[in-house]
Amino acid sequence: MTDIMKYNFTAIEKKWQKKWLEDKVYAAVNGSEKPKFYALIEFPYPSGQGLHVGHPRPYTALDIIARKRRMEGYNVLFPIGYDAFGLPTENYAIKNHMHPREVTETNIKRFTEQLQMLGYSFDWDRCVDTTDPEYYKWTQWIFLKMYEKGLAYKASMPVNWCTSCKCVLANEEVVNGVCERCGAEVVRKEKSQWMLKITEYAERLINDLDEVDYIERVKIQQRNWIGRSIGAEVSFSTTAGDTLLVFTTRPDTLFGVTYMVMAPEHALIEKWSDKLSNLDAVREYQEAAARKSDFERTELAKDKTGVRLEGVNAINPVTGNEIPIYISDYVLSTYGTGAIMAVPGHDTRDWEFAKQFGLPIIEVVKGGNIEQEAFTDCETGIMVNSGFLNGLTVEEAKKKITEWLTMKGLGHEKVNYKLRDWVFSRQRYWGEPIPLVYCEKCGWVPLPESELPLRLPDVKSYETTDNGESPLAQMSDWVNTVCPHCGGSARRETDTMPQWAGSSWYYLRYMDPHNKDRLVGEEAIKYWHQVDWYNGGMEHTTLHLLYSRFWHKFLYDIGVVPTKEPYMKRTSHGMILGEGGEKMSKSRGNVINPNDIVAEFGADTLRLYIMFIGDFEKAVPWSSTAVKGCKRFLDRVWNLAEAPLEGDGYSQANESEIHKAIKKVSEDIESMKFNTAIATLMSLVNTFYENKPTRGDIKALLLLLSPFAPHIADELWEIQGFEGYACVQPWPEYDESKTVDAEKEIAVQIGGKLKSTVIIPLDADDETVKQIACKDEKIERLLEGMEIVKTIVVKNKLINLIVKPKEK
RNA sequence: GCCGGUGUGGCGGAAUUGGCAGACGCCCGGGACUUAAAAUCCCGUGAGGAUAAAACCUCGUACCGGUUCGAUCCCGGUCACCGGCACCA
């Protein structure tokens with residue numbers, strides 16, 4: 001045989017990609033009789049750089065799962081789309097004097113080619129694009145519904161302003177004081193912004209985590225981000241007459257309150273201005289605090305600063321003592337009530353402040369040494385110096401004091417969250433226009449539904465401005481309009497929505513992407529319900545994932561969707577790093593382009609390698625030599641399938657290994673242990689090299705291989721003369737009884753140390769095992785002059801003999 | 001500081017969660033085929049000792065200690081790295 005057919009992956013992959021697409025092999029069917037399965041990956045942002053080698057990791061993983069489900073008889077929805085609004089496209093367009101629309105179209109085309117090149121089983125007929133007016137019509141519609149229900153409001157407040165993007169950012173988009181996207185400095189800026197009341201859903205966003213199957217670290221991160229604290233709100237009367245309201249998680253320490261602190265921005269300060277004898281010093285401190293960026297405020301955290309409000313004191317409600325009030329920037333205006341009761345004995349920050357200003361420190365919980373540091377333990381301490389709370393534990397005291405406060409009308413139990421409302425406006429062009437107009441007479445007026453979508457004006461110039469206004473503000477033709485309410489002249493809102501808007505509901509559109517009347521048809525949502533398995537990056541845990549859960553819950557409340565949660569299961573992949581273990585980046589020059597790998601080794605090899613590379617959940621460095629190992633494996637598969645033995649059943653020599661492999665691969669895919677699934681397939685092929693496989697053996701191998709390397713599987717399937725596509729055949733089944741061998745090799749230990757191995761019949765009883773073990777040559781020798789004092793047998797695994805020298 | 005995670009050969013990583021540590025792959029070494037090379041196939045490959053060669057012995061899962069017949073796995077402590085939050089009262 002000189003003319004051995006080579007594994008020509010380039011031709012094979014093109015051939016099958018074309019066939020799959022033409023035959024719509026991967027089309028999901030709405031309303032099918034089959035059980036449904038909805039697998040989702042985070043749709044890409046179509047950047048100018050094209051597909052990165054990081055993209056295929058989650059995509060291939062869920063493609064494998066979707067393919068397996070399809071073979072198991074499910075009606076699978078595995079869709080793809082593009083999250084195409086956003087800054088990088090806009091910046092690129094400005095720089096190259098193009099329109100973002102044009103840039104987006106080019107990028108989407110490129111991404112589509114690249115994704116198709118990798119052989120993903122997406123249903124391409126359901127592709128969505130968030131920048132398509134037919135799509136963003138519904139993004140706007142949801143926003144209007146939120147406005148209608150009072151969940152969208154405009155408020156003037158200090159916001160995060162990225163100095164480079166010239167745009168506000170959500171709290172979630174600020175990382176270590178800099179912009180998460182561009183890394184530029186973020187400063188505080190007072191601006192009027194559209195806000196979404198995500199805080200109204202804080203409780204449900206935490207509680208409903210119990211009902212979903214997310215990996216634990218995602219749940220933990222979301223819980224921490226929402227940051228629920230249970231405590232009490234307490235009113236302190238003041239010598240000025242007003243009451244000062246505070247939030248505390250430690251009402252039990254009320255007897256230990258020796259002073260109060262207000263945030264420099266607190267509204268009462270203004271009210272008290274004529275009572276303050278040191279108003280100049282107060283004003284100076286307020287101004288200094290306002291000038292600091294968030295970053296500076298945390299940087300200078302070590303030394304506490306502040307100014308006493310001379311002229312106004314507060315009164316401790318339990319002791320009746322007059323206590324001083326300070327302003328300090330260690331108290332945040334945005335959390336709780338913007339003021340605190342200070343308990344220096346039992347709060348680290350209060351302790352530091354008290355030391356700095358020479359304020360009294362009283363011990364009210366015994367157990368620590370408050371001379372040296374604040375005692376903050378809530379578990380072990382006992383109440384002291386606390387009147388009617390003395391002798392109680394912290395837990396008991398909390399309960400008792402809260403009851404007392406409630407009874408006296410001085411306070412009540414209160415839950416607080418770290419989560420803030422979502423800053424929803426962006427001063428940029430390339431985003432969904434906010435469909436509201438401002439009328440002098442009527443105020444903010446929503447557009448009627450019939451006027452949606454409100455399209456972005458098609459203009460040439462949309463440069464950002466330094467004054468903090470959206471580029472849309474300069475387009476007077478578009479801005480000036482009439483009020484839908486009174487018909488008078490009105491101005492459109494010129495800010496646009498953030499990138500996270502379109503992605504907050506896209507999974508619903510996939511269910512019914514061409515519906516003209518609703519964002520998703522009733523039949524479609526009733527059939528598909530929600531996403532069964534969603535995989536995405538950890539970096540979206542407190543952004544997209546949280547936002548879309550919020551939107552979904554809102555849509556549930558207004559009756560658009562029947563489920564409380566959008567995603568039943570959430571998993572997350574690790575990053576792919578450069579060869580040196582560093583993050584892949586253009587500046588490091590260690591970026592791997594999937595196109596190059598596909599050209600050199602083929603898509604099947606790339607898919608296999610990316611899944612074989614390591615634990616799916618962990619970050620892993622790329623290795624260009626290791627890719628070859630996967631190519632070699634496929635070559636071995638190819639050569640093996642050339643001329644199998646006759647016979648459509650399993651060969652006797654391979655049967656047991658095949659059943660074991662089916663079991664192992666099936667289970668490993670479910671638990672996303674793709675690396676060991678592939679190792680199993682490699683071992684099976686190695687076995688086939690020892691025992692020549694039949695056509696039936698090959699068939700099983702091809703079916704197991706198909707989700708991982710679908711092109712070669714279909715090609716060899718065809719070459720072997722099997723009918724149809726391998727990728728939609730029934731998933732092979734295994735017979736449990738055939739996965740176990742009749743004989744087992746077990747370990748023989750003496751005193752816990754491995755000394756030999758013996759072969760025993762499967763499930764042999766302890767006595768039999770012992771007899772066989774003792775007859776082993778090596779063991780026999782070692783047992784000479786010894787007495788067995790104890791025998792431990794682990795069924796089918798090992799026997800451990802505990803011995804001591806025989807007494808004469 | 002708080003929360004979470006990880007630590008296993010030269011490298012990526014396995015180990016049915018308390019039972020033969022290092023599966024599978026990469027790298028490397030040897031052999032077969034070849035005029036030669038590549039490709040392919042076969043063999044070896046944790047460290048140290050022992051041996052003509054084996055058999056064999058000792059050590060070994062970041063470090064120290066504990067529980068156990070037996071620990072990569074459980075418990076206590078230490079160190080290192082990664083991720084998230086960070087004056088949230």
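All values derive from a computational prediction rather than experimental measurement. Here is the naming used below: chain letters follow the sequence lines, and residue numbers restart at 1 for every chain.
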NZ/NE/NH1/NH2 to OD/OE distance under 4.0 Å, A/Asp252 and A/Arg250 =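 Yes, A/Asp252 and A/Arg250 are salt-bridged.
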
Among [options], find the nucleotide with the atom closest to the side chain of [X].
X	options	result
A/Asn224	B/A21, B/C3, B/C69	B/C3
A/Gln749	B/A15, B/A89, B/C20	B/C20
A/Phe247	B/A89, B/C27, B/C42	B/A89
A/Ala626	B/C20, B/A89, B/C26	B/C26
A/Asn686	B/G84, B/C24, B/G19	B/C24
A/Gln221	B/C27, B/G19, B/G84	B/G84
A/Lys673	B/A89, B/C20, B/A15	B/A15
A/Thr248	B/A89, B/A14, B/G19	B/A89

Pairwise salt bridge (Lys or Arg N to Asp or Glu O under 4.0 Å) hits with a residue in residues 658-681 of chain A, at least two apart |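 Sorted pair list: A/Lys68-A/Glu670, A/Arg69-A/Glu670, A/Glu657-A/Lys660, A/Lys660-A/Asp741, A/Lys663-A/Glu736, A/Lys664-A/Asp668.
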
Which pairs, with at least one residue in residues 790-802 of chain A and sequence neighbours excluded, count as a salt bridge (Lys or Arg N to Asp or Glu O under 4.0 Å)?
->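 Sorted result for residues 790-802 of chain A: empty, none.
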
Rounded to whole Å, how long is the line connecting atom [atom1] of [X] with atom [atom2] of [N]?
X	N	atom1	atom2	answer
A/Lys583	B/C81	NZ	P	19 Å
A/Asp377	B/C2	CG	C1'	15 Å
A/Ile788	B/C69	CD1	C1'	13 Å
A/Phe688	B/C24	CZ	P	16 Å
A/Lys418	B/G84	NZ	P	16 Å
A/Ile792	B/G18	CD1	C1'	12 Å
A/Ile750	B/C57	CD1	P	10 Å
A/Ile760	B/C20	CD1	C1'	13 Å

Where does B/U17 fall, syn or anti, if syn means a chi angle no more than 90° from 0?
->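 Judged by the O4'-C1' to base torsion, B/U17 sits in syn, the angle falling within 90° of 0.
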
Glycosidic class, syn or anti, of B/G9 using a 90° window around 0 =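 Glycosidic conformation of B/G9: syn.
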
With respect to the phosphate group of [N], does any side-chain polar atom (N or O) of [X] fall under 4.0 Å of OP1 or OP2?
X	N	result
A/Arg632	B/C26	yes
A/Lys753	B/C59	yes
A/Asn639	B/C41	no
A/Ser229	B/A89	yes
A/Lys778	B/C56	yes
A/Arg636	B/C24	no

For atom [atom1], what is the distance between [N] and [M], given to the nearest Å?
N	M	atom1	result
B/A39	B/C20	P	37 Å
B/C57	B/G66	C1'	28 Å
B/C74	B/U58	P	28 Å
B/C63	B/C11	P	15 Å
B/G22	B/G60	C1'	11 Å
B/G7	B/G12	P	12 Å
B/G44	B/G10	C1'	16 Å
B/C73	B/U61	P	9 Å

Inspect the surroundings of CD in A/Glu216 and state if more than 12 heavy atoms from other residues, nucleotides or ligands are less than 6.0 Å away.
->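 Check passes, neighbour count above 12.
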
Lys/Arg cation over aromatic A/Tyr330: A/Lys304, 6.0 Å, 45° cone =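 Checked: cation-pi criterion met.
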
Is it true that a side-chain atom of A/Asp350 and a backbone atom of A/Gly345 form a donor plus acceptor pair closer than 3.5 Å?
->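 The answer is no, because no donor-acceptor pair under 3.5 Å joins these two groups.
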
Is the backbone N or O of A/Pro264 less than 3.5 Å from a side-chain atom of A/Gln286, with the two atoms forming a donor-acceptor pair by type?
->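 Present.
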
Do A/Ser624 and A/Glu579 have a side chain donor and acceptor closer than 3.5 Å?
->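 Judged by distance alone, the side chains do pair up.
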
Judged by modelled atom types alone, do A/Glu42 and A/His544 share a side-chain donor-acceptor pair under 3.5 Å?
->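 No, A/His544 and A/Glu42 have no side-chain donor paired with an acceptor closer than 3.5 Å.
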
With heavy atoms under 4.0 Å as the rule, sort [X] into base, sugar-phosphate or nothing.
X	result
A/Lys795	nothing
A/Asn416	nothing
A/Asn800	base
A/Ile802	sugar-phosphate
A/Arg781	nothing

Let me check something: any side-chain donor-acceptor pairs from residues 679-686 of chain A under 3.5 Å, sequence neighbours excluded? List them with distances.
residue  : atom : partner  : partner atom : Å
A/Thr680 : OG1  : A/Thr676 : O            : 2.8
A/Ser683 : OG   : A/Ala679 : O            : 3.1
A/Asn686 : OD1  : A/Arg636 : NH2          : 2.8

Please figure out whether A/Glu690 or A/Lys628 has its closest RNA chain B nucleotide nearer the 5' end.
->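 Taking each residue's closest nucleotide, the earlier one in sequence belongs to A/Lys628.
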
Using heavy atoms to find the nearest nucleotide of RNA chain B for A/Thr757 and A/Leu419 separately, return the residue whose nucleotide is more 5′.
->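 Going by which nucleotide is closer to the 5' end, it is A/Thr757.
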
Base-contact (B) and sugar-phosphate-only (S) positions in nucleotides 4-12 of chain B, heavy-atom cut-off under 4.0 Å, - elsewhere = --------B

Between which residue ranges does RNA chain B form stems of three or more consecutive Watson-Crick or G-U wobble pairs, both distances under 3.5 Å?
->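 Stems (3+ consecutive pairs) listed as B:1-7 with B:79-85, B:10-12 with B:24-26, B:28-32 with B:40-44, B:46-49 with B:56-59, B:62-66 with B:74-78.
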
Would you say the ring centroid of A/Trp225 lies under 6.0 angstrom from that of A/Tyr417?
->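 For A/Trp225 and A/Tyr417, the ring centres are not under 6.0 Å apart.
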
is_close_aromatic(A/Phe612, A/Phe708), centroid dist under 6.0 Å =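 Ring centres of A/Phe708 and A/Phe612 not closer than 6.0 Å.
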
Look at the side chain of A/Lys797 and the base of B/C20, then say whether one donor and one acceptor between them are separated by less than 3.5 Å.
->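 Not at all, since no donor on one side and acceptor on the other fall under 3.5 Å apart.
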
How would you list, by chain and number, every residue that makes a side chain to side chain donor-acceptor pair (under 3.5 Å) with A/Thr305, sequence neighbours excluded?
->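 Expected list: A/Tyr285.
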
